[in-house]
Engineer: 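Shown below is the structure under consideration.
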Amino acid sequence: MITLREPAISDADDLVLAMNNKAVTRYLSSRIPSPYTEQDATCWLSEGCAANAINKVIEFNGKFAGVIGVYTQQGEYAHSAELGYWVMPELWQKGVATSAINAFVTYLFTHTHISRIFNPVTQANRASIRVLEKNGFTLEGIMKNAVCVNGHYDDEHLYAKLKTKTKMNEEGTDG
């Protein structure tokens, strides 16, 4: 069973373990410190996870399984948010990421002003592309050679999901 909850300082050890696992971080941002320390985890959990973001811990059968979140945008893009997620390798191909995205997107579209969620995913990350497609995300475009890791260029696929279109009132909120 999948549940989403607020991140807590008690998640630090699980974060350190995960962020030092190359299988987990392979397709994540190179901005993540490596090696990832207890101090990095504590800093993210106490401040970083809330900075222009909405983040949740993914639990599977009551145990830490990963993290899912969105980075909120500013100004005229404030209705849009960039999705990111990861789960522990032992839970891959068990539907954990698919279920977590489904629950999180439902939460965001129901409880926030966000009406567009997007995820730029490297072409090589076929599993993540499949998870997005299973959740109704559609391919909006392919950015050629957009990512360069260790001297290797790769295309990035931009997937997005839109909230059911509603009329916006004059204040720019759903109405």
Side-chain angles (χ1 to χ4, degrees), residues 2-75 77-78 80-94 96-101 103-105 107-108 112 114 117-132 135 137 143-160:
I2 301 296
T3 55
L4 302 178
R5 65 166 172 81
E6 295 301 316
I9 293 296
S10 60
D11 295 318
D13 289 342
D14 290 318
L15 278 177
V16 170
L17 179 67
M19 293 296 97
N20 285 303
N21 183 327
K22 295 292 185 201
V24 172
T25 60
R26 180 176 179 189
Y27 296 114
L28 298 181
S29 173
S30 61
R31 294 182 306 245
I32 295 170
S34 180
Y36 195 85
T37 67
E38 187 83 21
Q39 182 179 357
D40 295 322
T42 301
C43 182
W44 187 79
L45 289 164
S46 63
E47 300 169 14
C49 69
N52 296 319
I54 301 168
N55 285 294
K56 302 287 184 188
V57 165
I58 303 166
E59 287 188 342
F60 178 66
N61 293 334
K63 294 185 180 179
F64 184 96
V67 173
I68 189 166
V70 291
Y71 289 102
T72 55
Q73 308 299 297
Q74 304 292 321
Y77 299 102
S80 189
E82 181 179 353
L83 177 68
Y85 56 91
W86 56 266
V87 296
M88 298 300 288
E90 59 269 21
L91 299 173
W92 292 356
Q93 298 181 346
K94 297 187 183 311
V96 174
T98 301
S99 295
I101 290 171
F104 191 55
V105 167
Y107 167 81
L108 291 171
T112 74
I114 296 169
I117 301 170
F118 67 95
N119 181 260
V121 58
T122 306
Q123 177 178 324
N125 193 349
R126 302 300 306 161
S128 193
I129 288 172
R130 185 68 193 121
V131 166
L132 291 168
N135 275 286
F137 282 71
M143 297 167 280
K144 299 293 186 182
N145 290 337
V147 177
C148 184
V149 177
N150 299 323
H152 173 75
Y153 290 91
D154 204 351
D155 296 347
E156 195 165 65
H157 293 217
L158 182 62
Y159 278 83

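All values derive from a computational prediction rather than experimental measurement.
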Engineer: With sequence neighbours left out, what residues match Asn125 under side-chain hydrogen bond (donor to acceptor under 3.5 Å, both in side chains)?
Structural biologist: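 Applying side-chain hydrogen bond (donor to acceptor under 3.5 Å, both in side chains) to Asn125 gives none.
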
Engineer: Which atom pair, heavy atoms only, marks the closest approach of Ala65 to Val96?
Structural biologist: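 Closest approach of Ala65 to Val96, heavy atoms only: CB-CG1, 4.4 Å.
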
Engineer: Output the distance between atom CD1 (Ile32) and atom CE (Met19), rounded to the nearest 0.5 Å.
Structural biologist: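 If we round to the nearest 0.5 Å, Ile32:CD1 and Met19:CE are 5.0 Å apart.
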
Engineer: With a 4.5 Å limit on heavy-atom distance, are the side chains of Phe104 and Ile54 in contact?
Structural biologist: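 Contact flag for Phe104/Ile54 side chains = yes.
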
Engineer: Quick one: does Asn119's side chain have a donor or acceptor within less than 3.5 Å of a partner on Leu83's backbone?
Structural biologist: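 Here the side-chain-to-backbone pair exists.
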
Engineer: Scan the side chains in residues 85-94 for donor-acceptor partners under 3.5 Å anywhere in the protein, sequence neighbours excluded, and list what turns up.
Structural biologist:
unit_1: Tyr85; atom_1: OH; unit_2: Ser128; atom_2: O; d: 3.4
unit_1: Tyr85; atom_1: OH; unit_2: Ser128; atom_2: OG; d: 2.3
unit_1: Trp92; atom_1: NE1; unit_2: Val87; atom_2: O; d: 3.0

Engineer: Within the structure provided, determine whether Val67 and Trp44 are in side-chain contact (heavy-atom separation under 4.5 Å).
Structural biologist: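 A side-chain contact under 4.5 Å exists here.
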
Engineer: Test of understanding: with ring pair (Phe, Tyr, Trp, His ring centres under 6.0 Å), list the residues that count as partners of Tyr107, not counting sequence neighbours.
Structural biologist: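 For Tyr107, the residues satisfying ring pair (Phe, Tyr, Trp, His ring centres under 6.0 Å) (neighbours in sequence not counted) are His111.
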
Engineer: Is Tyr27 reaching over with its side chain to a backbone N or O of Ala124, donor-acceptor style, under 3.5 angstrom?
Structural biologist: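 Checked: pair present.
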
Engineer: Where is the tightest heavy-atom contact between Ile114 and Ala81, given as atom of each residue plus distance?
Structural biologist: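 So the two residues come closest at CD1-CB, 3.8 Å.
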
Engineer: Compile the donor-acceptor pairs under 3.5 Å between side chains in residues 46-53 and protein atoms, sequence neighbours left out, one pair per line.
Structural biologist:
unit_1: Ser46; atom_1: OG; unit_2: Thr42; atom_2: O; d: 2.8
unit_1: Ser46; atom_1: OG; unit_2: Cys43; atom_2: O; d: 3.3
unit_1: Asn52; atom_1: OD1; unit_2: Gln74; atom_2: NE2; d: 3.4

Engineer: Under the rule for side-chain hydrogen bond (donor to acceptor under 3.5 Å, both in side chains), what residues qualify as partners of Tyr36, not counting sequence neighbours?
Structural biologist: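 Testing Tyr36 for side-chain hydrogen bond (donor to acceptor under 3.5 Å, both in side chains), a comparison that skips the adjacent residues, returns none.
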
Engineer: By side-chain hydrogen bond (donor to acceptor under 3.5 Å, both in side chains), which residues pair with Arg26, not counting sequence neighbours?
Structural biologist: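 side-chain hydrogen bond (donor to acceptor under 3.5 Å, both in side chains) check on Arg26 returns nothing, list empty.
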
Engineer: Kindly indicate whether the side chain of Val57, heavy atoms from C-beta on, has any atom under 4.5 Å from the side chain of Leu4.
Structural biologist: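 SC-SC contact between Val57 and Leu4 ruled out.
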
Engineer: So, taking the atom named CG in Leu108 and the one named CD1 in Ile117, what distance separates them when rounded to the nearest 0.5 Å?
Structural biologist: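 Going from CG on Leu108 over to CD1 on Ile117, the span is 4.5 Å.
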
Engineer: Considering all heavy atoms of both residues, which atom of Ile2 and which atom of Ser99 are nearest to each other, and what is their separation?
Structural biologist: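 Reported closest heavy-atom pair: CG1-CB, 3.5 Å.
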
Engineer: Taking all atoms of both residues into account, what is the closest heavy-atom pair of Met143 and Leu158, and its distance?
Structural biologist: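 Looking at all heavy atoms of both residues, the shortest contact is CE-CB, 3.9 Å.
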
Engineer: Please say whether more than 12 non-hydrogen atoms of neighbouring residues, nucleotides or ligands are located less than 6.0 Å from CD in Glu38.
Structural biologist: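 Enclosed: over 12 neighbouring heavy atoms sit under 6.0 Å from CD of Glu38.
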
Engineer: Which heavy-atom pair separates Lys56 from Pro7 by the least distance, and what is that distance?
Structural biologist: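 It is CA-CD, 4.3 Å.
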
Engineer: Decide yes or no for Asp14 and Lys63: does some side-chain heavy atom of the first lie under 4.5 Å from some side-chain heavy atom of the second?
Structural biologist: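 Of all side-chain heavy-atom pairs linking Lys63 with Asp14, none is under 4.5 Å.
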
Engineer: Quick one: closest heavy-atom pair of Arg5 and Glu59, and the distance?
Structural biologist: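 Heavy atoms only, the tightest pair is NE-OE2, 2.5 Å.
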
Engineer: Rounded to the nearest 0.5 Å, what separates atom CG in Leu45 from atom CG in Asn55?
Structural biologist: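 The CG atom of Asn55 is 9.5 Å from CG of Leu45, to the nearest 0.5 Å.
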
Engineer: Quick one: CG on Asn145 to CD on Gln123, what's the gap to the nearest 0.5 Å?
Structural biologist: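 One gets 10.0 Å once the value is rounded to the nearest 0.5 Å.
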
Engineer: Report the distance from atom OG1 of Thr37 to atom CG of Leu15, rounding to the nearest 0.5 Å.
Structural biologist: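 Output value for this atom pair is 11.0 Å.
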
Engineer: State, yes or no, whether a side-chain contact exists between Ile129 and His157 at a heavy-atom distance under 4.5 Å.
Structural biologist: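 Counting from C-beta outward, Ile129 and His157 do come under 4.5 Å.
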
Engineer: Looking at CZ of Arg130 and CG of Asn135, how far apart are the two atoms once the value is rounded to the nearest 0.5 Å?
Structural biologist: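 Nearest 0.5 Å value for the CZ-CG distance: 10.0 Å.
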
Engineer: Using side-chain heavy atoms (C-beta onward) and a distance below 4.5 Å, is Val149 in contact with Asp154?
Structural biologist: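 SC-SC contact between Val149 and Asp154 ruled out.
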
